Amino acid sequence: MLIQCTSRPVRNFSACHCLSSPKRRSSYSLAVSERYSSLVKSVMSSRVSSQTPDTLQAEDEHIYGPVVKAQPPSSKPEKREPKTLHPFLISEKTLETEETESGPPVRILLKRGQGGSSAPSVTRILQQTLSPEQRFYLERWKRRMIEELGEDGFKEYSQNLFRQGKLFHSTLDDIMESGAAQEKKAPAESPEYPAEVQGYLESISHILEDVSAVRAIESTVHHDSLDYLGIVDCVARYRGVLCLIDWKTSEKPKPFLSNTYDNPIQVAAYAGALNNDGNYKYQVDHGLIVVAYKDGSPAHAHQLSSEQMLQYWRTWLLRLEKFTEQRSSHTSMDFSEKK
DNA sequence: GGATCCTTCTTCTTCTTC
């Protein structure tokens, strides 16, 4: 039986992200039919909490002030343009990489603190330039999670998410490096990989079949003129197209690009840095965001065209400008405080 | 040797009717 769940077909209820909690599986799963799925969903997804939407709203308003409802987020797309439109691609560099594709993938390690380099990272810039709306929803989510799990429980939960993400990445690095991806061997079947990431590996196995010519793994990129840096997950061909690939793990399904929040901006920022980094002799104008799931259901792959990459590059430049403005206003404030 | 850095994640919402 196929059940449509958040626009993603799954084999059964136990594989459904919305209904199966990671802690325990419901015994209802065998008895329910599609007819009752929305009812079951609403019953099972209700929170065990004495709070009602009204009290939550009241709490939100108490902490953040009244919610301004007259600002639908997507109705006014940001038309702003960066003050300086730094190029995404460099004309001297080539997009063709045939001659350099035969060697092993590069891995440029991060060297911090050398030569007084204090370039900010992509992650830090994105974190510090979140919109007030993003901040609000993240804070609210965190508060609700703490209400449910307690401070310590939430800490454990977050650490667990990070640990799984890191383990998935490092395992994937090993697979890529050993060339297992090109051998088209199902890595999930290999017993040498940690049990905790087997589901994620199964989830991306169909993606790995389309990945070839791995050029870089966990490699540092630095934008030589804009002076920011980051660590790229992977550069490889996906279905023949050279892409900057970002691997993600997620508890919730992310079938649409819009579900990935700032990830496309992150990918464009990395690609722009790689293109403007003298250590890389080629450049990349496509992106790929792969969202892997623990239960092994097929990962979602969001490919970014060169046009989309350019669009997100502009958004990135805006965020970078915002960051720089914030930083200069902070340092001038520090200066006046010290004075 | 210890401290710090870069990552790793987390948000978008609501009912009502076939």
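Below, read A as the first sequence line, B as the second, and so on, with proteins coming before strands; counting in each chain starts at 1. Remember, predicted model here, so these are calculated numbers, not experimental data. All values below come from the heavy atoms of this structure, side chains included, with hydrogens, waters and symmetry mates left out.
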Rounding to a whole Å, what distance do you find between A/Lys254:NZ and B/dT10:C1'? 8 Å

Whole angstrom value for the distance that separates C1' of B/dC5 from CG of A/Leu229: 9 Å

Is A/Lys111 close enough to B/dC5 that one of its side-chain N or O atoms is under 4.0 Å from OP1 or OP2 there? no

Please work out if A/Asp233 contacts a base, only the sugar-phosphate, or nothing of the nucleic acid, heavy-atom cut-off 4.0 Å. sugar-phosphate

Could you tell me the separation between the CG atom of A/Leu130 and the C1' atom of B/dC9, rounded to a whole number of Å? 13 Å

Out of B/dC9, B/dC5, B/dT8, whichever nucleotide has its closest atom nearest the side chain of A/Leu110: B/dC5

Only pairs under 3.5 Å count here: list side-chain donor-acceptor contacts from residues 82-89 of chain A, not counting sequence neighbours, and write none if there are none.
residue : atom : partner  : partner atom : Å
A/Lys83 : NZ   : A/Glu325 : OE2          : 2.8

Rounded to the nearest angstrom, tell me the gap between atom CG in A/Asn259 and atom P in B/dC9. 15 Å

For a quick check of understanding: with a heavy-atom distance under 4.0 Å over all strands, which category does A/Lys248 fall into, base, sugar-phosphate or nothing? sugar-phosphate

Would you please test A/Tyr293 and A/His300 for ring pair (Phe, Tyr, Trp, His ring centres under 6.0 Å) and show each step? CA-CA 9 Å; A/Tyr293 305 110; A/His300 286 113; 5.5 Å; yes

Strictly by modelled atom types, are A/His169 and A/Asp233 linked by a side-chain donor-acceptor pair under 3.5 Å? yes

In whole angstrom, give the distance that lies between atom CG of A/Asp173 and atom C1' of B/dT7. 11 Å

Atom-pair distance (CD on A/Glu139; P on B/dT11), nearest Å: 13 Å

Phosphate OP1/OP2 of B/dC5: any A/Ser121 side-chain N/O under 4.0 Å: no

Assign each of A/Tyr157 and A/Val232 to its nearest nucleotide of DNA chain B by heavy atoms, then name whichever residue's nucleotide is nearer the 5' end. A/Val232

Scan A/Tyr270 against the nucleic acid and name what it touches under 4.0 Å (heavy atoms): base, sugar-phosphate only, or nothing. sugar-phosphate

A/Ile217 CD1 to B/dT7 P, straight-line distance once rounded to whole Å: 17 Å

Taking NE2 from A/His169 and C1' from B/dC9, how many angstroms apart are they, rounded to a whole number? 10 Å

If you look at every strand shown and take non-hydrogen atoms under 4.0 Å, does A/Thr249 touch a base, only sugar-phosphate, or nothing? sugar-phosphate

Among the clusters formed by ILVMFWY side chains lying less than 4.5 Å apart, do A/Leu310 and A/Val267 turn up in the same one? yes

Measure the distance between the ring centre of A/Phe162 and the centre of the six-membered base ring of B/dT8, then answer whether it is under 5.5 Å with planes under 30°. yes

Side-chain donor-acceptor pair under 3.5 Å between A/Gln308 and A/Tyr312, yes or no? no

On DNA chain B, more 5' by nearest nucleotide between A/Arg124 and A/Asp262 is A/Arg124

Identify whether any heavy atom of A/Gln159 sits under 4.0 Å from a base atom; if not, whether one sits that close to sugar-phosphate; answer base, sugar-phosphate or nothing. nothing

